[in-house]
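These numbers were taken from a predicted model, which means no experiment stands behind them.
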Amino acid sequence: MLFPPVGTIIPERFHWLLDNSFCDFDKGEYVGYEIYDPDIEDISDDRITVDPPYYIYATIVEKIQAETDTEFAIYSIDVGEEEPIQATVTRLYKFTSRELVLINSDNLDIQTVLRDIRRILMRAWRHSDESERRRVLERLLVRWHPDKNLHNVEQSTEITQHIQNYVERLNRGLSLDDESVPDDETDGTSRSQHSRSYEQFYSNVYSTGRNHARYSEEQRSNRRYYNDNSFHTSARDEPNPSPGQAERWLKQLTIKSNVH
């Protein structure tokens with residue numbers, strides 16, 4: 001697969017190729033790097049998403065801080081500047097194959113999936129700020145969005161419902177330990193004020209999942225793109241649709257001493 005130079009904007013029509021699973025990365029590997037996500041950076045209750053997230057192509061330089069949990073490691077990455085910058089895994093994405101890989105719902109162990117999700121959420125809520133919490137949550141919800149899992153709609157719907165219930169429990173100060181999470185987590189209690197503030201966030205994230213599914217279907221039905229070995233290289237010729245996003249990018253890259 002051919003890629004454009006690092007620092008090139010990833011067009012919105014390619015965002016569905018970003019794998020929302022949390023992964024380890026290899027030196028020299030091409031990745032997507034999140035510059036700005038309005039659902040993360042602007043957390044006002046009444047904000048409705050207008051601009052899509054903003055990603056660029058980057059390459060992995062090295063892992064500079066390993067964590068017990070892969071989801072919270074830190075890498076040095078090349079984004080086309082004079083010096084590499086630091087990025088947490090929550091901002092880094094592998095590129096998925098354009099080949100559709102179906103997971104047989106009969107082989108999906110939901111309890112194992114949910115146990116892993118609880119571990120990730122508990123780690124985020126204990127050690128991360130609000131932006132990182134939402135970044136982790138967004139990736140989980142997009143990963144299991146039913147529109148992106150048409151072969152597994154019932155199970156994916158169940159998983160996303162559990163995720164929201166887990167967040168509600170965490171925001172109420174309750175545990176997600178295996179022994180304390182009831183089988184039926186919709187216990188009828190009122191939601192916390194903090195969780196109500198997530199309503200617009202959930203709506204925007206679900207829209208993101210639907211858009212990914214739509215672009216995925218469009219690309220798979222377009223045989224020219226599907227068979228074109230230079231699929232990603234076409235990104236270099238696309239204009240930046242949002243000057244405001246580019247301005248945010250330039251400002252962010254000036255803060256190289258901080259972990260992004």
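- Of the possible donor and acceptor atoms, one in the side chain of T208 sits under 3.5 Å from a partner among the backbone N and O of N204.
- The heavy-atom pair separating V142 from V205 by the smallest distance is CG2-CG1, 3.7 Å.
- The two atoms that bring P84 and S76 nearest to each other are CB-OG, 3.2 Å, heavy atoms only.
- Atoms CG and CZ, on L141 and R143 in that order, are 12.0 Å from each other to the nearest 0.5 Å.
- Here CD1 of I60 is found 6.5 Å from CD1 of I77. Values are rounded to the nearest 0.5 Å.
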*Carefully, step by step, assess K63 and D24 under the rule salt bridge (charged side-chain N to carboxylate O under 4.0 Å, His left out).*
CA-CA 9 Å; K63 180 184 284 189; D24 281 319; 3.3 Å; yes
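- Looking at R214 and D147, no side-chain N of the basic residue comes within less than 4.0 Å of a carboxylate O on the acidic one, giving no salt bridge.
- Salt-bridge annotation for E71 and R139: absent, with no side-chain N of the basic residue lying under 4.0 Å from a carboxylate O of the acidic one.
- Of the possible polar contacts, one joining the R169 side chain to the S175 backbone as a donor-acceptor pair under 3.5 Å is found.
- Ring geometry, F3 versus Y30: the interplanar angle falls under 30°, so the pair is classed parallel (tilted spans 30 to 60°).
- In terms of modelled atom types and a separation under 3.5 Å, the side chain of N152 and the main chain of Q155 share no donor-acceptor contact.
- A salt bridge links E132 to R135: one of the charged nitrogens lies within less than 4.0 Å of a carboxylate oxygen.
- By the 4.5 Å side-chain criterion applied to Ile, Leu, Val, Met, Phe, Trp and Tyr, V153 is assigned to a cluster that also includes L150.
- Taking H212 as the reference, nothing meets the ring pair (Phe, Tyr, Trp, His ring centres under 6.0 Å) condition, with sequence neighbours excluded.
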- Mind running side-chain hydrogen bond (donor to acceptor under 3.5 Å, both in side chains) on R210 and S207 for me, showing each step along the way? CA-CA 5 Å; R210 287 193 295 270; S207 294; 3.0 Å; yes
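- Rounded to the nearest 0.5 angstrom, T90 OG1 and R133 CZ are separated by 13.5 Å.
- Residues N211 and W16 bring no donor and acceptor atom of their side chains to less than 3.5 Å of each other.
- Counting heavy atoms from C-beta on, the side chains of P4 and H232 come closer than 4.5 Å.
- For F25, the ring pair (Phe, Tyr, Trp, His ring centres under 6.0 Å) test picks out Y75, with sequence neighbours left out.
- Not counting sequence neighbours, T157 has no partner by the side-chain hydrogen bond (donor to acceptor under 3.5 Å, both in side chains) test.
- Partners of K27 under the salt bridge (charged side-chain N to carboxylate O under 4.0 Å, His left out) rule, at least two apart in sequence or in another chain, do not exist in this structure.
- Rounded to the nearest 0.5 Å, atoms CG (N20) and SG (C23) are 9.5 Å apart.
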Exercise for review: With ring-ring contact (aromatic ring centres under 6.0 Å, His included) as the test, would you mind laying out the steps for H15 and Y215 before giving the verdict?
Suggested key: CA-CA 8 Å; H15 288 184; Y215 279 115; 8.0 Å; no
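- Under a cutoff of 6.0 Å and an axis angle of 45°, R134 and Y198 form a cation-pi pair.
- The cluster map of Ile, Leu, Val, Met, Phe, Trp and Tyr, joined by side-chain heavy atoms under 4.5 Å apart, puts Y33 and V61 in different clusters.
- Here the CD1-OH distance, from I163 to Y202, works out to 8.5 Å after rounding to the nearest 0.5 Å.
- Pairing each heavy atom of G209 with each of K148, the nearest pair is O-CG, 3.7 Å.
- When only modelled atom types and interatomic distance are considered, N165 and Q161 share no side-chain donor-acceptor pair under 3.5 Å.
- Here CZ of F95 is found 11.0 Å from CG of D19. Values are rounded to the nearest 0.5 Å.
- Among all heavy-atom pairs drawn from V6 and G80, the shortest one is CG2-N, 3.5 Å.
- Nearest heavy atoms, F72 versus I120: CZ-O, 3.9 Å.
- Closest non-hydrogen pair, L92 versus A87, comes out as CD2-CB, 3.9 Å.
- Among residues two or more places apart in sequence or in another chain, the side-chain hydrogen bond (donor to acceptor under 3.5 Å, both in side chains) test is passed with T70 by none.
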